[in-house]
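First up is the structure itself, then whatever we jot down about it.
First the proteins, then the strands, lettered A, B, ... as listed; each starts at 1. From a predicted model like this one, the values you see are computed outputs, not experimental measurements. Only heavy atoms go into these numbers, but all of them, side chains included; no hydrogens, no water, no symmetry mates.
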Amino acid sequence: MQMGETIAVLVVFFFLLVIGMVFYVNIATTKVEESRYKNTELEAVNVMKRALSLPELQCSHNNIVDEACVDRYKLYAADAAVEANPSAYFDLFGTSTITIFQIYPAPLSGEEPVLLYDFKPATYSSRLNTSTPISIYHPLTRTHAFGLMEIVTYGK
Amino acid sequence: MSKKAQMEILGLAIVVLLLILGMVFVVRFIALSDKGSIRKEVSESQIASNYIATYLDTTVRDCRGLTIEELLIDCAEGTPGPRGGAINCGYTLLPDGHEVKSCEQAQLAASTIFLTTFEAWKTKYYFTSFLQGRSPFLTNGTECKGQKRSKDYFLSTASGTLHVKLDLCS
């Protein structure tokens, strides 16, 4: 009878232990996934900040930099430079895609969207899309257009 | 101690254990339920601060190469309203063929921009232009009911301070 009681208590104890373990593993998995997602989010924010402050793109007048402004001619030059040296920009932008396009006024010929950087991994766990408004400056006509910088970041 | 009493104590112990376990998980889940997205917060703040500045800087090709800021100032200094303003930007292609003045041109530009951005992203927003102490003469979107992130931009005009305000609804 004593033996039976001991076995019953042990069964209950292990039962509770298993339930506890299952919950713990579930929570630990959720936490790992969450922190991985947060890291991808932070990376997306970092890439956006880096792209906005890239000297290769920034508009400037008398050495004063305009915030959130992209010089159209610098953009074309930067596009060629990034394409020629992808490894140099990988440290800055990692696994992401950066596109700049004009919204208003309606783009004319030669004002098509520019795919500045494109490094899409073959496999990824998450994909985050971030857009920010930018002014696209045309130095010849001295006009500003309303544009968007779209950044897609891929999580590992 | 009788056998029955022992069993009762064991039962109570199990109940207490389960309760503690439940409480721990409830607390853990509440603590983990913070779904606030860093990216959303940063991009919203970035959008709110960049949006108005970029919008005001934009050159309107259909209106003598004036900027939206210039059009809004003219609109505020003239007769602020949907078809107000002194600057004539040409004639509309609509059947009535009316003159497009600065207020309407600024509104048209805002509508085009918002259609491709906030409307496409399904983001609720409220964009207004108003002279201090008066009701808005240009509006886009719908007023936010709950929390919002606001950015107000001030322009000096002959009629007083012109506010250009963007609310992003949470």
| query | Measuring from B:M7:CE to A:E5:CD, what's the distance to the nearest 0.5 Å? | reply | 7.0 Å

| task | Identify which part of A:E150 has an atom lying under 4.5 Å from any heavy atom of chain B, answering side chain, backbone, both or neither. | result | neither

| query | If you look at every heavy atom in A:P133 and B:N50, which pair is closest and at what distance? | reply | O-ND2, 3.6 Å

| query | In Å and rounded to the nearest 0.5 Å, what is the CD1 to OG1 distance from A:I136 to B:T54? | reply | 10.0 Å

| field | Heavy atoms of other groups near B:Q147 CD, more than 12 under 6.0 Å | value | no

| said: With a 4.5 Å cut-off on side-chain heavy-atom distances among I, L, V, M, F, W and Y, is there a chain of contacts connecting A:L54 to A:L115? | reply: no

| task | Mark yes when over 12 heavy atoms from residues, nucleotides or ligands other than A:F15 sit less than 6.0 Å from its CZ; otherwise mark no. | result | no

| said: Please classify the contact between A:T153 and chain B as side chain, backbone, both or neither, with a heavy-atom cut-off of under 4.5 Å. | reply: neither

| is_close_aromatic(A:F146, B:Y51), centroid dist under 6.0 Å | yes

| task | Find the distance between CH2 (B:W121) and CG (A:N129) and round it off to the nearest 0.5 Å. | result | 9.5 Å

| remark: So, the part of B:L18 with a heavy atom under 4.5 Å from chain A: the answer is side chain

| task | Can you tell which part of B:I113 gets under 4.5 Å to a heavy atom of chain A, answering side chain, backbone, both or neither? | result | both

| task | Nearest 0.5 Å please: distance from the CG atom of B:D57 over to the CD1 atom of A:I134. | result | 12.5 Å

| Going by heavy atoms in the side chains, are A:Y104 and B:V60 under 4.5 Å from each other? | yes

| said: Test of understanding: clusters of I, L, V, M, F, W, Y form through side-chain heavy atoms closer than 4.5 Å, transitively. Do B:V164 and B:I68 belong to the same one? | reply: yes

| field | Straight-line distance of A:H144 NE2 to B:L56 CG, nearest 0.5 Å | value | 12.0 Å

| Donor-acceptor pair, A:T143 side chain versus B:T59 backbone, under 3.5 Å? | no

| Do the non-hydrogen side-chain atoms of B:T117 and A:L148 ever get within less than 4.5 Å of each other? | yes

| request: Could you state whether A:V152 and A:L128 fall into the same hydrophobic cluster, counting links through intermediate Ile, Leu, Val, Met, Phe, Trp or Tyr residues with side-chain heavy atoms under 4.5 angstrom apart? | output: no

| Should we count OH of A:Y24 as having more than 12 external heavy atoms under 6.0 Å? | no

| Transitive ILVMFWY side-chain link A:L75 to A:V82, under 4.5 Å | yes

| Is B:R61 reaching over with its side chain to a backbone N or O of A:A106, donor-acceptor style, under 3.5 angstrom? | yes

